[in-house]
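Order of the sequence lines fixes the chain letters, A, B, ..., with proteins taken first and strands second; residue numbering starts at 1 for each chain. None of the values given here were measured: they were computed from a predicted structure.
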2 protein chains.
Amino acid sequence: MTNSCSKEAVILYKLHFLNKEISSKFEGCTGVSQSRLELLHHLYQVDEVSQKALQQVMNIDNAAITRHLKQLEAKEMIVRRKKPSDNRITLVSLTDEGRQKISSYQEEKQRFVTSILKGFDEKELDVLLDILNRIKNNIKEV
Amino acid sequence: MTNSCSKEAVILYKLHFLNKEISSKFEGCTGVSQSRLELLHHLYQVDEVSQKALQQVMNIDNAAITRHLKQLEAKEMIVRRKKPSDNRITLVSLTDEGRQKISSYQEEKQRFVTSILKGFDEKELDVLLDILNRIKNNIKEV
DNA sequence: CTAATATAATTGATGTATCAAATATTGATG
DNA sequence: CATCAATATTTGATACATCAATTATATTAG
């Protein structure tokens with residue numbers, strides 16, 4: 001892959017590779033997947049949300065939300081109830097146990113991310129953030 | 001996700017998000033997944049390889065290789081045969097049609113990656129490459 | 001030579017994502 | 001009010017990855 005490819009192609013390849021590695025290690029270190037923790041993080045910041053709202057903020061498929069929540073419900077980390085004023089809508093909220101558990105996940109995550117970005121100073125982090133934002137904007141136009 | 005998080009955590013999140021977007025658009029633009037094209041690219045550069053060797057260079061699970069190849073074989077893009085001197089080993093090679101098709105995939109990929117990295121000059125690409133390499137090295141030690 | 005071990009590939013179970021179709025409920029219109 | 005359209009969620013089919021167990025073959029030690 002490294003030879004006979006444009007520099008851009010190598011970057012794309014490395015991004016892909018990196019992400020696979022990160023996802024795998026993330027789960028190993030924190031005990032939860034990135035997506036799952038992101039979902040929990042959103043719930044952490046509110047009292048109650050509809051699945052629809054969750055789905056939109058997470059930019060993930062409806063079906064995936066349903067399935068995540070089903071599992072989290074089974075583990076008693078969240079509760080769901082129908083919105084009284086509109087029975088189409090399901091409202092989701094964390095249980096107390098859920099809320100507690102997230103704190104420790106977040107700590108693990110912070111430890112993880114610090115080690116991944118070890119050796120980067122503030123200025124470099126900003127450069128990287130800027131790069132990621134620019135790529136994100138480029139993607140939107142594809 | 002953007003609030004109440006360390007800069008590092010935001011970067012991790014954005015990397016994750018970016019990759020999801022890229023994967024999705026990549027497939028839409030090129031008609032093939034990143035992994036699949038990477039596999040084909042490796043095959044493109046050699047005459048014949050064992051599945052084992054493919055698996056190692058791609059850093060992907062054995063089972064995933066088997067299943068990719070099964071599909072590619074069904075589409076007549078590759079052929080497989082047992083290595084005569086060791087029947088445990090399966091050797092894989094592209095068909096002529098496979099070889100042709102890859103060329104057009106690669107063109108699409110180049111178009112795609114160029115648009116994703118639009119606005120980045122040579123020096124910035126090097127900076128990004130360097131960053132990705134450093135992160136990769138950090139991950140190895142986690 | 002035969003039993004134990006190692007290697008390569010495959011298969012089955014599982015996790016997480018997608019899309020498309022089905023279901024339930026609400027709202028709006030003739 | 002009856003029907004039709006819109007909205008939220010769920011389910012089923014598919015894709016692609018993992019791990020663990022299985023199969024087939026080769027190698028090695030006794």
Undergrad: Between D:dA24 atom P and B:Gln51 atom CD, what is the distance in whole Å?
TA: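 That distance rounds to 16 Å.
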
Undergrad: Which part of the nucleic acid does B:Gln34 contact within heavy-atom distance under 4.0 Å: base, sugar-phosphate only, or nothing?
TA: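 No contact.
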
Undergrad: Identify whether NZ of Lys or CZ of Arg in B:Lys109 sits under 6.0 Å from the centre of the six-membered ring of B:Phe26 and within 45° of that ring's axis.
TA: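 Verdict for B:Phe26: no cation-pi partner in B:Lys109.
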
Undergrad: Could you tell me whether B:Glu48 atom CD has more than 12 heavy atoms of other residues or ligands within 6.0 Å of it?
TA: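 Atom CD in B:Glu48 is crowded, with more than 12 foreign heavy atoms closer than 6.0 Å.
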
Undergrad: May I ask you to say what A:Asp61 touches in the nucleic acid, namely base, sugar-phosphate or nothing, with a heavy-atom cut-off under 4.0 Å?
TA: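 A:Asp61: base contact, heavy atoms under 4.0 Å.
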
Undergrad: Taking all non-hydrogen atoms of both residues, which atom of B:His68 and which atom of B:Ser35 are closest, and how far apart?
TA: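 So the minimum-distance heavy-atom pair works out to NE2-CB, 4.2 Å.
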
Undergrad: With a 6.0 Å cut-off (strictly less than), is the heavy-atom count around CD of A:Gln56, excluding the residue itself, greater than 12?
TA: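 Yes.
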
Undergrad: Check every atom of D:dT9, D:dT18, D:dA26 against the side chain of A:Lys20 and return the nucleotide holding the closest atom.
TA: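 The answer is D:dT18, which lies nearest to the side chain.
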
Undergrad: Separation of A:Arg36 atom CZ from C:dG15 atom P, in whole Å?
TA: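 These atoms are roughly 9 Å apart.
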
Undergrad: Measure CD/A:Gln55 against P/D:dT10 and give the value in whole Å, please.
TA: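 So the CD-P distance, A:Gln55 to D:dT10, works out to 12 Å.
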
Undergrad: Which of these nucleotides, C:dT25, C:dA9, D:dC16, is closest to any side-chain atom of B:Glu27?
TA: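 Output: D:dC16.
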
Undergrad: Side-chain N or O of B:Asn87 less than 4.0 angstrom from OP1 or OP2 on D:dA26?
TA: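 It does, given that an N or O in the side chain of B:Asn87 lies less than 4.0 Å from OP1 or OP2 of D:dA26.
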
Undergrad: Could you tell me the separation between the CZ atom of B:Phe26 and the P atom of D:dA15, rounded to a whole number of Å?
TA: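 Rounded to the whole Å, the gap is 18 Å.
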
Undergrad: Scan A:Ser35 against the nucleic acid and name what it touches under 4.0 Å (heavy atoms): base, sugar-phosphate only, or nothing.
TA: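 It contacts sugar-phosphate atoms only.
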
Undergrad: Between C:dC19 atom C1' and A:Asn59 atom CG, what is the distance in whole Å?
TA: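 After rounding, the gap between these two atoms is 15 Å.
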
Undergrad: Would you mind telling me which of C:dA9, C:dT10, D:dG12 lies closest to the side-chain atoms of A:Ala63?
TA: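 Looking only at side-chain atoms, A:Ala63 lies closest to D:dG12.
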
Undergrad: Which nucleotide wins on minimum distance to the side chain of B:Arg88, given the candidates D:dA8, C:dT7, D:dT11?
TA: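 Output: C:dT7.
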
Undergrad: Can a side-chain donor-acceptor contact be found between B:Glu141 and A:Ser115 if the only test is distance below 3.5 angstrom?
TA: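 No, no side-chain donor-acceptor pair sits under 3.5 Å.
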
Undergrad: Expressed in angstrom and rounded to an integer, what is the separation of A:Ile65 atom CD1 from C:dG15 atom C1'?
TA: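 It works out to 16 Å between those atoms.
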
Undergrad: Can you work out whether A:Gln71 or B:Leu69 has the more 5'-proximal nearest nucleotide on DNA chain C?
TA: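 Comparing both residues, the 5'-ward one is B:Leu69.
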
Undergrad: May I ask you to verify if any side-chain N or O of B:Arg80 is less than 4.0 angstrom from the OP1 or OP2 atom of C:dT10?
TA: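 Answer yes for this pair, as a side-chain N or O of B:Arg80 is under 4.0 Å from OP1 or OP2.
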
Undergrad: From CD of A:Glu38 over to P of C:dT16, roughly how many Å is that when rounded to an integer?
TA: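 A:Glu38 atom CD is separated from C:dT16 atom P by 14 Å.
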
Undergrad: Does B:Lys83 or A:Lys70 map to a spot on DNA chain D nearer the 5' end, using the closest nucleotide for each?
TA: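 Comparing both residues, the 5'-ward one is A:Lys70.
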
Undergrad: When only distance counts, do a donor and an acceptor, one from the side chain of A:Arg67 and one from the base of D:dT9, lie under 3.5 Å apart?
TA: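 Answer is no: no donor-acceptor pair is held.
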
Undergrad: Under 4.0 angstrom, heavy atoms only, what part of the nucleic acid is B:Asn62 near: base, sugar-phosphate, or nothing?
TA: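 Base contact.
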
Undergrad: Once you round it to whole Å, what is the distance between C1' of D:dT7 and CG of A:Leu91?
TA: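 Interatomic distance, CG of A:Leu91 to C1' of D:dT7: 15 Å.
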
Undergrad: If C:dA24 has a Watson-Crick or G-U wobble mate with both distances under 3.5 Å, name it; if not, just say none.
TA: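 Checking every strand shown, C:dA24 finds its partner in D:dT7, with both distances under 3.5 Å.
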
Undergrad: Indicate, with a heavy-atom threshold strictly under 4.0 Å, whether A:Thr66 touches base, sugar-phosphate, or nothing.
TA: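 The residue A:Thr66 makes base contact.
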
Undergrad: OP1, OP2 of C:dA17 versus side-chain N and O of A:His68: anything below 4.0 Å?
TA: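 Looking at the OP1 and OP2 atoms of C:dA17, one of them is under 4.0 Å from a side-chain N or O of A:His68.
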
Undergrad: Counting only heavy atoms not in B:Asp121, do more than 12 fall under 6.0 Å of its CG?
TA: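 For B:Asp121, atom CG is crowded (more than 12 foreign heavy atoms under 6.0 Å).
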
